[in-house]
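Note sheet for the following structure.
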2 protein chains.
Amino acid sequence: MSAPQRATPDAAPARADVRRNRRRLLDAARAAFTEGGVDAPPAEIARRAGVGVGTLYRHFPDRASLVDAVLGDRYDTLRDEADRLLDACAASGAFAALTTWLDLFACHLALFQGMADSLRPTLLEPAVDAARGCDAMLAAWDRLFTRAQQAGAIRRDARPRDILRAVNALRWATQGTPTATQEADRLRALLLDGLRYQHTDGIRAGR
Amino acid sequence: MSAPQRATPDAAPARADVRRNRRRLLDAARAAFTEGGVDAPPAEIARRAGVGVGTLYRHFPDRASLVDAVLGDRYDTLRDEADRLLDACAASGAFAALTTWLDLFACHLALFQGMADSLRPTLLEPAVDAARGCDAMLAAWDRLFTRAQQAGAIRRDARPRDILRAVNALRWATQGTPTATQEADRLRALLLDGLRYQHTDGIRAGR
DNA sequence: ACCTGAACACCGTTCAAGT
DNA sequence: ACCTGAACACCGTTCAAGT
């Protein structure tokens, strides 16, 4: 019914003021997210940007699109890191590659308050969300995980998406405390020891 | 300033209609929680109970007090189970006692949608909430956990509250999916293998 | 085309009036 | 004393009017 869309809908718009508004909104959102988490009120973001709320909604129809825009190319960077670590597996070991990447992922989750809640639906299978900017990252993680399984570094009966959901959840568990990051790290280390542990070894510490 | 409170503020009130309203509210809340989770709208609960919203707020000033009242003596039951399992450690092993109790705890978390979110602040250290009805349960869990550590069944560098928060988080991670319970079970099993794993053994599955 | 912000919709909580 | 539910407060979203 309507005229054909532009081939590159995410390209920079023609009008300078539109680009400027978008830039201001992203800066304002980043600042608001940093102070109040990803659930910062729309009115506050618009006020900081010096625009009306309607402009915010015009540029970013829903919360997820705003969060993703603020996140920018972080998911691509995480994907690149995963691919880089996959190549380095032979040198430093598949398990080390896994933990190194999950540290990066955990760091990403700590960027703003509320990130864990925001990402939860995306990490479900089947995904409730349309997978946001992170499809490629998830695929790269799957490759890294499969490599570790093939190398015998982690148990066979675990699924890659499970671990991501768990790491996300463990971050959620500790959010809002002064020592959130280190507590999340401790819980993640525990989980990773479980992932590393092979049932077939038949070795158990206790009775 | 005011007249002294009754010695037993939680005792059944004198008036029959007040008791009846309380009963109705609890029944309505349980039904609403079952269908819509612990965040079910106050108006719906009051409507189901056949009372005004004001009556709901009079009986239960905040959401937590309503949830706790609906939960009833479940935390006491969980405490009793923990104590019972502590006694049975000699027969079936401290680790088995731990997993058995955590299964019960996980089952409790699955009672209503939103339970994990509701319990998160309570499980933080220092607790953000005034600890609700579950102080005694948490203390019993600490005993069970310490026993397992003393028996060498689990690693020394883990803290009891950590595990509870983690189990709660893993439930949160899977909520809303058709297979939520079994997926949470799988993630919990992974975590528990990590808990069981002893660093001092020096045995690792991978490289 | 795009922007503005008042108006609208929604929902949790309170409290003046009633019993 | 307790109950009722309209009124209030708050907040996210929309859209008629303006540029």
Side-chain angles (χ1 to χ4, degrees), chain A residues 2-6 8-29 32-33 35-70 113-114 117-118, chain B residues 1-6 8-29 32-33 35-70 112-114 117-118:
Chain A
S2 58
Q5 298 292 318
R6 297 183 53 164
T8 53
D10 286 338
R15 283 226 263 167
D17 59 336
V18 176
R19 284 204 309 272
R20 195 202 52 186
N21 281 341
R22 185 187 157 87
R23 174 78 56 94
R24 282 186 179 180
L25 280 165
L26 286 176
D27 288 344
F33 289 176
E35 290 174 26
V38 290
D39 293 316
E44 187 196 332
I45 297 171
R47 183 186 54 74
R48 280 176 185 261
V51 301
V53 276
T55 306
L56 171 58
Y57 281 98
R58 164 173 279 266
H59 282 259
F60 307 102
D62 51 33
R63 175 68 45 155
S65 68
L66 176 60
V67 173
D68 288 346
V70 169
Q113 189 87 337
D117 298 77
S118 167
Chain B
M1 297 288 281
S2 58
Q5 297 293 318
R6 297 184 52 165
T8 53
D10 285 339
R15 282 224 260 166
D17 58 336
V18 176
R19 283 203 309 273
R20 193 203 54 186
N21 280 342
R22 186 187 157 87
R23 176 78 55 95
R24 282 187 178 177
L25 280 165
L26 286 175
D27 289 343
F33 289 175
E35 289 176 25
V38 291
D39 293 315
E44 188 197 330
I45 298 172
R47 183 186 54 74
R48 280 176 186 261
V51 302
V53 276
T55 306
L56 171 59
Y57 281 98
R58 163 173 280 267
H59 282 260
F60 308 102
D62 51 33
R63 176 67 45 155
S65 68
L66 177 60
V67 173
D68 288 346
V70 169
F112 304 123
Q113 188 90 335
D117 297 78
S118 168

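Chain naming here is simple, since letters A, B, ... match the order of the sequence lines and numbering starts at 1 in each.
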Worksheet entry | For F60(A), ring pair (Phe, Tyr, Trp, His ring centres under 6.0 Å) partners two or more places apart |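 Residues passing ring pair (Phe, Tyr, Trp, His ring centres under 6.0 Å) with F60(A): none at all.
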Pairing residues for [X] by the salt bridge (Lys or Arg N to Asp or Glu O under 4.0 Å) criterion, not counting sequence neighbours:
| X | value |
| --- | --- |
| D39(A) | none |
| D27(B) | R30(B) |
| D62(B) | none |

Worksheet entry | Separation of L25(B) CG from R20(B) CZ (nearest 0.5 Å) |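 CG of L25(B) is found 10.5 Å from CZ of R20(B).
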Discussion item. With rounding to the nearest 0.5 angstrom, report the CD1 to CZ distance, I45(A) to R63(A).
Written reply: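 I45(A) atom CD1 to R63(A) atom CZ measures 5.0 Å (nearest 0.5 Å).
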Length of the [atom1]-[atom2] vector between [X] and [N], whole Å:
| X | N | atom1 | atom2 | value |
| --- | --- | --- | --- | --- |
| L56(B) | dC2(D) | CG | P | 16 Å |
| Y57(B) | dC3(D) | OH | C1' | 16 Å |
| R22(B) | dC2(D) | CZ | C1' | 15 Å |
| D17(B) | dC2(D) | CG | C1' | 7 Å |
| R63(B) | dG12(C) | CZ | C1' | 9 Å |
| R15(B) | dC3(D) | CZ | P | 7 Å |

Write down the atom of [X], the atom of [Y], and the distance for their closest heavy-atom approach.
| X | Y | value |
| --- | --- | --- |
| P42(A) | L56(A) | O-CD2, 3.6 Å |
| A49(A) | R24(A) | O-CD, 3.5 Å |
| A43(A) | V53(A) | CA-CG1, 3.8 Å |

Can you list the residues that meet the side-chain hydrogen bond (donor to acceptor under 3.5 Å, both in side chains) rule with [X], with sequence neighbours excluded?
| X | value |
| --- | --- |
| R48(A) | E35(A), E44(A) |
| D68(B) | R132(B) |
| T55(B) | none |

Pull out every protein N or O sitting under 3.5 Å from an N or O of nucleotides 17-19 of chain D, one pair per line with the distance.
none

Discussion item. Can you tell me if H59(A) touches the phosphate of dC2(C), counting only side-chain N or O atoms and a distance under 4.0 Å to OP1 or OP2?
Written reply: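 The answer is no; no side-chain N or O of H59(A) sits under 4.0 Å from OP1 or OP2.
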Worksheet entry | Side-chain N or O of R58(B) closer than 4.0 Å to phosphate OP1/OP2 of dC2(D) |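 The answer is yes; a side-chain N or O of R58(B) sits under 4.0 Å from OP1 or OP2.
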Worksheet item: Passes side-chain contact (heavy atoms from CB on, under 4.5 Å), V70(B) versus F112(B)? Steps please.
Response: CA-CA 11 Å; V70(B) 169; F112(B) 304 123; 4.0 Å; yes
Item to complete: Could you provide the dot-bracket string of DNA chain C, using ( ) for intrastrand pairs, [ ] for crossing pairs and | for bases paired to another strand, with Watson-Crick or G-U pairs below 3.5 Å?
Response: ||.|||||...|||||.||
Discussion item. Below 4.0 angstrom, which residues in residues 39-48 of chain B have at least one non-hydrogen atom near DNA chain D?
Written reply: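 None, since no heavy atom is under 4.0 Å.
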Which atom pairs link the protein and nucleotides 4-6 of chain C when you take only N or O atoms and keep those under 3.5 Å?
unit_1 : atom_1 : unit_2 : atom_2 : d
dT4(C) : OP2    : G52(A) : N      : 2.7
dT4(C) : OP2    : T55(A) : OG1    : 2.6
dG5(C) : O6     : G54(A) : N      : 3.2

